[in-house]
Colleague: 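Have a look at this one.
Below, read A as the first sequence line, B as the second, and so on, with proteins coming before strands; counting in each chain starts at 1. Model, not experiment: these values are computed from the prediction. Hydrogens, waters and symmetry mates play no part in the numbers below; they use all other heavy atoms, side chains included.
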Amino acid sequence: MSNQITAPFTTASGSDVRVRFCPSPTGTPHVGLVRTALFNWAYARHTGGTFVFRIEDTDAERDSEESFEMILDGLKWLGLNWDEGVGVGGPHEPYRQSERSDIYLDVIEKLKASGHVYESFLTGEELDERNKANGRAVQLGYDNSERELSEEAKAAYKAEGRSPALRVRVPDVDITFNDLVRGEITFPAGSFPDFVVVRPNGQPLYTLVNPVDDALMGITHVLRGEDLLSSTPRQIALYNAMFEAGITKFIPQFGHLPFVMGEGNKKLSKRDPESNLFHHRDRGFIPEGLLNYLALLGWSISADRDVFSLEEMIAAFDVKDVNPNPARFDQKKADSINASHLRLLTVDDFASRIVRYLQDAGVVSKEVTASEQAILTAAAPLIQERIVVLSEAVPMLSFLFTTADKIVVEEDAKAGLPAESKEITLAAVAVLEGIDDFKTETIQAALTQKLIEELAHKPRNAFGPLRTAISGKRISPPLFESMEILGKAETLERLSLFARSL
RNA sequence: GGCCCCAUCGUUUAGUGGCCUAGGACGUUGCCCUUUCACGGCAGUAGCACGGGUUCGAAUCCCGUUGGGGUCACCA
């Protein structure tokens, strides 16, 4: 055992890269968490390395199976697949920490045997009292006073019925590492005391199991949130202990990703709806759009472009290019990116992605019928360039899946109507009744001829009432196309009904 | 408080000593297109936190100041 860092940092690159995503299953998946998963995944795919998925469920108080399922659901939806880990297995099973107790016990024994961890009997309260008595700031915490406890002293504590926690003996040297996104960072010797890794009841803590699993699973690049930055020197000390105890061969490279901020200068809170992955899915973000936006939080593909595919990201992504500044989650920008991706979809793909939202809103049947499918196919291209998130398809298209008697004219639609709405609508009815070939072009030609040219109405005034009549809304898909989809009979009925209501 | 991180338009990002009288995108403003809403097009708005250095030359390097954030658990 030496009083310095003797373990080497790994130089692994290319297909030797092993990264991991290791969430704790607490609560709903957070977009910051997803961003971390994305960067790890992208780095693995870029290098041709391995992406490991592990679950850190060592906190029985807060962990839940429900949360675990949500993480799985989220990753699957986003398409962030993993090569090794929960569900797919691999050479380092199991991948849920709750099932790795024996492994930790074994590591703890080795660390005890090599003298890198030692027994510590002082409780938190005792430490505080001791600091006060010595005129030492309470915030400084443990003072390493039990490093050289004699066997007699330990025996005496145990005779009192006390069980010791286990602490890692931290070398009294500056600890330096080269952060992949921030460059060289040094923590001066004495920045933190020997820390607890095992509770008196034998329960290993996160401080132990996280680095232990990374070491045992051969993780070469640890890419995680900035909040873990200050615990990195502690982990390096532990890695060093494991190295000297023959448990691992190297210390991984670390890269600390910037925070994802919310309003003000605070981290995006779990209580903020924008932090919830499923909130975005429910609004109708598509994986391509959300991932693209999340990638922009700390990274960029080039100076003049910010809409790109996952394939393009994989080809270009390197942690070294990640910006260390904290990034604010901007819903407007996110929406815009999503809208761009919506427009990039093929019409069929777009149409199929809308279905779920229409079903959830009760606009179409659980089993889409043939006639519903026909309307959907005809209407999807009309709104693909008009919506930002898929859920907007619901108010946009619902009028196509109902009948004349169910149309309710909304207030904002009424507000903008011209005084001559009734005459206009009646004139439209008269014109359309004479049309046999009820197609967009024919409808438009006839209506334009009559209302604009003959009756000299402004287009806005002429078509506004008709739009309201058939959809009940101020905003709708293009008017003539909508009429064609509805068909002659339904269109005339809606127009007549509307005219009568005026 | 100790330690650590961060600092370019409102937001995000390009920029690694001269290509920068600082570029893109979102937002915003005006205009064009237009049956609504969008899409699209054009134009505009707006930024290197501050102070010292180093250098022929600094957004870029160094130091300091200020501001913001994180972390100091027998949580993860």
Side-chain angles (χ1 to χ4, degrees), chain A residues 22-26 56-59 61-63 97 120 122-124 127 137-142 163-167 179 181-182 185-188 190-193 195-201 203-207 209-210 225-234 256 258-259 261 264-267 293 296-307 323-337 339-340 343 382-388 392 396 413 416 444 447-448 451-452 457-468 471 473-480:
Chain A
C22 52
S24 290
T26 57
E56 309 219 324
D57 52 349
T58 53
D59 185 347
E61 292 289 307
R62 300 194 304 157
D63 296 332
Q97 289 187 331
S120 170
L122 260 20
T123 64
L127 249 27
V138 175
Q139 293 158 313
L140 261 27
Y142 178 61
S163 300
L166 259 31
R167 287 182 189 271
D179 192 280
V181 344
R182 289 151 211 277
I185 298 173
T186 297
F187 288 76
S191 292
F192 53 90
F195 56 100
V196 173
V197 288
V198 181
R199 281 184 178 141
N201 66 7
Q203 176 90 114
L205 296 163
Y206 166 83
T207 47
V209 300
N210 175 275
E226 184 184 340
D227 48 335
L228 273 320
L229 181 55
S230 52
S231 69
T232 302
R234 264 183 283 275
H256 291 92
F259 286 118
M261 312 293 280
N265 285 318
K266 301 188 295 286
K267 270 176 73 179
Y293 178 65
L296 256 17
L297 262 23
W299 183 75
S300 67
I301 196 163
S302 74
D304 56 3
R305 196 158 72 102
D306 53 21
V307 175
N323 188 326
N325 304 0
R328 189 181 310 276
F329 189 94
D330 181 352
Q331 189 67 61
K332 286 244 182 64
K333 174 82 173 184
D335 285 355
S336 165
I337 295 287
S340 297
R343 271 148 219 144
L382 305 180
I383 65 166
Q384 187 168 5
E385 297 225 322
R386 294 179 141 69
I387 63 176
V388 167
E392 288 177 314
M396 210 59 146
Q444 175 166 15
L447 252 18
T448 302
L451 303 176
I452 311 297
H457 289 294
K458 287 181 183 169
R460 183 187 187 83
N461 288 340
F463 301 125
L466 309 189
R467 174 186 313 288
T468 302
S471 70
K473 299 183 193 308
R474 184 176 67 84
I475 300 170
S476 80
L479 182 61
F480 313 117

Colleague: Is the closest side-chain heavy-atom distance between A:D179 and A:L229 below 4.5 Å?
Modeller: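 Yes, side chains in contact.
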Colleague: Tell me which nucleotide among B:rC6, B:rC39, B:rC26 gets nearest to the side chain of A:K332.
Modeller: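 Given the options B:rC6, B:rC39, B:rC26, the side chain of A:K332 is closest to B:rC26.
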Colleague: Looking at B:rC4, B:rA76, B:rU71, which one has an atom nearest to any side-chain atom of A:R234?
Modeller: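 For A:R234, the side-chain atoms sit closest to B:rU71.
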Colleague: Between A:E392 (CD) and B:rC37 (C1'), how many Å, whole number?
Modeller: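 After rounding, the reported distance stands at 10 Å.
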Colleague: NA contact type, A:T58, heavy-atom cut-off 4.0 Å: base, sugar-phosphate, or nothing?
Modeller: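 Since only primed, P, OP1 and OP2 atoms lie under 4.0 Å of A:T58, the category is sugar-phosphate.
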Colleague: Could you tell me how far B:rU28 sits from B:rU71 if I compare only their C1' atoms? Round to whole Å.
Modeller: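 My reading of the C1' atoms in B:rU71 and B:rU28 gives 38 Å.
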Colleague: Please name the nucleotide paired to B:rU60 by Watson-Crick or G-U wobble geometry with both distances under 3.5 Å, or report none.
Modeller: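 With both distances under 3.5 Å required, B:rU60 matches none.
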Colleague: Output yes when at least one side-chain N/O atom of A:S230 is less than 4.0 Å from OP1 or OP2 of B:rG70, else no.
Modeller: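 For A:S230, the contact criterion (side-chain N or O under 4.0 Å from OP1 or OP2 of B:rG70) is not met.
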Colleague: List the residues meeting side-chain hydrogen bond (donor to acceptor under 3.5 Å, both in side chains) with A:K267, not counting sequence neighbours, and say none if there are none.
Modeller: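 With sequence neighbours excluded, A:K267 shows a side-chain hydrogen bond (donor to acceptor under 3.5 Å, both in side chains) to no residue whatsoever.
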Colleague: Please determine, for the side chain of A:A327, which listed nucleotide (B:rC6, B:rU13, B:rG70) has the closest atom?
Modeller: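 Comparing B:rC6, B:rU13, B:rG70 against the side chain of A:A327, the answer is B:rU13.
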Colleague: Taking atom P of B:rA25 as reference, at what distance in whole Å does atom CD1 of A:I301 sit?
Modeller: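 One finds 16 Å between P of B:rA25 and CD1 of A:I301, rounded.
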Colleague: Please determine, for the side chain of A:A303, which listed nucleotide (B:rG27, B:rA14, B:rA76) has the closest atom?
Modeller: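 My answer, after comparing the listed nucleotides, is B:rA14.
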Colleague: From B:rU35, B:rG70, B:rC6, pick the nucleotide closest to the side chain of A:D227?
Modeller: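 Per side-chain heavy atoms of A:D227, the pick is B:rG70.
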Colleague: Name the nucleic acid region contacted by A:F192, choosing base, sugar-phosphate or nothing; use a 4.0 angstrom heavy-atom cut-off, strictly under.
Modeller: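 Since no nucleic acid heavy atom lies under 4.0 Å of A:F192, the category is nothing.
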Colleague: Take atom P in B:rC48 and the same atom in B:rU35, then report the distance between them in whole Å.
Modeller: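 Going atom to atom, P in each nucleotide, I get 44 Å.
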Colleague: So A:L479, base contact, sugar-phosphate only, or nothing? Heavy-atom distance under 4.0 Å.
Modeller: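 Here A:L479 touches the bases of the nucleic acid.
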Colleague: If we ignore hydrogens and angles and just use 3.5 Å, is the side chain of A:S24 paired with the main-chain N or O of A:T26 as donor and acceptor?
Modeller: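 Here the side-chain-to-backbone pair does not exist.
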Colleague: A:L127 near the nucleic acid: base, sugar-phosphate alone, or nothing, with a heavy-atom cut-off under 4.0 Å?
Modeller: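 The answer is nothing, as A:L127 stays clear of every strand by at least 4.0 Å.
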Colleague: How would you list, by chain and number, every residue that makes a side-chain hydrogen bond (donor to acceptor under 3.5 Å, both in side chains) with A:N210, sequence neighbours excluded?
Modeller: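 Applying side-chain hydrogen bond (donor to acceptor under 3.5 Å, both in side chains) to A:N210 gives A:E56.
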Colleague: Using atom NZ of A:K267 as one end and atom C1' of B:rC5 as the other, report the distance to the nearest whole Å.
Modeller: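 Between C1' of B:rC5 and NZ of A:K267: 14 Å.
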Colleague: Under 4.0 Å between any heavy atoms, over every strand shown, what does A:P478 touch: base, sugar-phosphate, or nothing? Just pick one.
Modeller: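 It contacts base atoms.
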Colleague: With rounding to the closest Å, how many angstrom separate the P atoms on B:rG15 and B:rG53?
Modeller: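 That atom pair is separated by 29 Å.
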Colleague: Decide yes or no for A:L447 and A:F463: does some side-chain heavy atom of the first lie under 4.5 Å from some side-chain heavy atom of the second?
Modeller: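 With C-beta onward as the side chain, the pair touches.
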Colleague: Rounded to whole angstroms, how far apart are CG on A:D59 and C1' on B:rA76?
Modeller: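 The distance from CG of A:D59 to C1' of B:rA76 comes to 7 Å, rounded to the nearest Å.
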Colleague: Over how many whole Å does the gap from A:L297 atom CG to B:rA25 atom P extend?
Modeller: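 Computing the A:L297:CG to B:rA25:P distance gives 19 Å.
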Colleague: Using the P atom as the reference point in each nucleotide, state the distance between B:rG30 and B:rU65 in Å, no decimals.
Modeller: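 Straight-line distance between the two P atoms is 46 Å.
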Colleague: Output the rounded distance in Å from CG (A:L229) to P (B:rA76).
Modeller: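 In whole Å, B:rA76 P lies 20 Å from A:L229 CG.
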Colleague: Within the structure shown, what part of the strands sits under 4.0 Å from A:R474 by heavy-atom distance: base, sugar-phosphate, or nothing?
Modeller: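 If one applies the 4.0 Å heavy-atom cut-off, A:R474 turns out to touch a base.
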Colleague: Strictly by Watson-Crick or wobble contacts shorter than 3.5 Å, is anything paired with B:rU35, and which nucleotide is it?
Modeller: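 Across any shown strand, B:rU35 pairs with none.
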Colleague: Looking at the side chain of A:R343, which of B:rC4, B:rC39, B:rU11 is the nearest nucleotide?
Modeller: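 The listed nucleotide nearest to A:R343's side chain is B:rC39.
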Colleague: To the nearest Å, how far apart are A:F463 CZ and B:rU36 C1'?
Modeller: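 Those two atoms, CZ and C1', are 11 Å apart.
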Colleague: Using a 4.0 Å heavy-atom cut-off across all strands, classify A:S120 as base, sugar-phosphate, or nothing.
Modeller: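 The residue A:S120 makes no contact with any strand.
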Colleague: Across the strands shown, which category fits A:F195 at heavy-atom distances under 4.0 angstrom: base, sugar-phosphate, nothing?
Modeller: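 Nothing: the residue A:F195, judged by heavy atoms under 4.0 Å, touches no strand.
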Colleague: Could you tell me which nucleotide pairs with B:rC42 by Watson-Crick or G-U wobble geometry, both distances under 3.5 Å, or answer none if nothing does?
Modeller: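 Looking at the geometry, B:rC42 pairs with B:rG30.
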Colleague: Under 4.0 Å, heavy atoms only, any strand: does A:S476 hit a base, just the sugar-phosphate, or nothing?
Modeller: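 Since a base atom lies under 4.0 Å of A:S476, the category is base.
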Colleague: Counting the atoms with a prime plus P, OP1 and OP2 as sugar-phosphate, which does A:Q139 contact under 4.0 Å by heavy atoms, base, sugar-phosphate, or nothing?
Modeller: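 The residue A:Q139 makes base contact.
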Colleague: With rounding to the closest Å, how many angstrom separate the P atoms on B:rU12 and B:rG27?
Modeller: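 After rounding to an integer number of Å, I get 15 Å for this pair.
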Colleague: Using the C1' atoms only, state how far B:rU21 lies from B:rA25, rounded to an integer number of Å.
Modeller: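 Those two atoms are separated by 23 Å.
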Colleague: Students often get this wrong, so: under 4.0 angstrom with heavy atoms, is A:P200 touching a base, only sugar-phosphate, or nothing?
Modeller: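 The answer is base, as A:P200 lies within the cut-off (heavy atoms under 4.0 Å) of a base atom.
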Colleague: Ignoring hydrogens and angles, are the base of B:rC39 and the side chain of A:R386 linked by a donor-acceptor pair under 3.5 Å?
Modeller: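 Side chain to base: no pair present.
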Colleague: B:rC26 and B:rC33: how far apart are their C1' atoms, nearest whole angstrom?
Modeller: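 These two C1' atoms come out 22 Å apart once rounded.
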Colleague: Does any non-hydrogen side-chain atom of A:I337 lie less than 4.5 Å from one of A:S340?
Modeller: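 Counting from C-beta outward, A:S340 and A:I337 never come under 4.5 Å.
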Colleague: Are A:P459 and A:I452 packed together at the side-chain level, in the sense that at least one heavy-atom pair is separated by less than 4.5 angstrom?
Modeller: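 In short, these two side chains touch, coming nearer than 4.5 Å.
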Colleague: Side chain of A:K333: nearest nucleotide among B:rA76, B:rC5, B:rC26?
Modeller: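 From the listed options, B:rC26 comes nearest.
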Colleague: Taking the side chain as C-beta and beyond, is there a heavy-atom pair between A:Y142 and A:F195 under 4.5 Å?
Modeller: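 Of all side-chain heavy-atom pairs linking A:F195 with A:Y142, none is under 4.5 Å.
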Colleague: Does B:rU54 have a Watson-Crick or wobble mate here (both distances under 3.5 Å), and if so which one?
Modeller: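 Checking every strand shown, B:rU54 finds no partner, since no pair has both distances under 3.5 Å.
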Colleague: Reckon A:G298 touches a base, only the sugar-phosphate, or nothing at all at heavy-atom distances under 4.0 Å?
Modeller: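 Sugar-phosphate contact only - A:G298 comes under 4.0 Å of backbone atoms but never of a base.
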Colleague: Closer than 4.0 angstrom, basic N to acidic O: yes or no for A:R182 and A:E226?
Modeller: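 The answer is yes: the pair qualifies as a salt bridge.
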Colleague: So, OP1 or OP2 of B:rC6: does either fall under 4.0 Å of a side-chain N or O from A:N323?
Modeller: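 Indeed not, no polar side-chain atom of A:N323 lies that close.
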Colleague: If you check every side-chain atom of A:D306, which of B:rA25, B:rA76, B:rC6 has the closest atom?
Modeller: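 From the listed options, B:rA25 comes nearest.
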Colleague: I'd like to know if A:R467 reaches the base of B:rU35 with its side chain such that a donor and an acceptor end up less than 3.5 angstrom apart.
Modeller: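 Answer is yes: a donor-acceptor pair is held.
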Colleague: Which nucleotide sits closest to the side chain of A:R328: B:rG69, B:rC3, B:rU12?
Modeller: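 The closest nucleotide is B:rU12.
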Colleague: Measuring from the side chain of A:R199 (C-beta onward, heavy atoms only), which nucleotide among B:rU71, B:rU35, B:rC75 has the closest atom?
Modeller: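 In terms of side-chain proximity for A:R199, the closest of B:rU71, B:rU35, B:rC75 is B:rC75.
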Colleague: On a whole-Å scale, what distance lies between the C1' atoms belonging to B:rG23 and B:rC63?
Modeller: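 One C1' to the other, the span is 30 Å.
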Colleague: Counting only N and O atoms by type, is there a donor-acceptor contact under 3.5 Å from the side chain of A:T468 to the main-chain atoms of A:G464?
Modeller: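 Indeed, once roles are kept as given, a pair shorter than 3.5 Å links the two residues.
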Colleague: OP1, OP2 of B:rA14 versus side-chain N and O of A:S300: anything below 4.0 Å?
Modeller: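 For B:rA14, OP1/OP2 do have a side-chain N/O of A:S300 under 4.0 Å.
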Colleague: Using only side-chain N and O atoms of A:N325, determine if any of them is under 4.0 Å from OP1 or OP2 of B:rU8.
Modeller: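 For A:N325, the contact criterion (side-chain N or O under 4.0 Å from OP1 or OP2 of B:rU8) is met.
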Colleague: Paired with B:rC74 by Watson-Crick or G-U wobble geometry, both distances under 3.5 Å: which nucleotide is it?
Modeller: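 Check on B:rC74: unpaired, no WC or wobble geometry under 3.5 Å.
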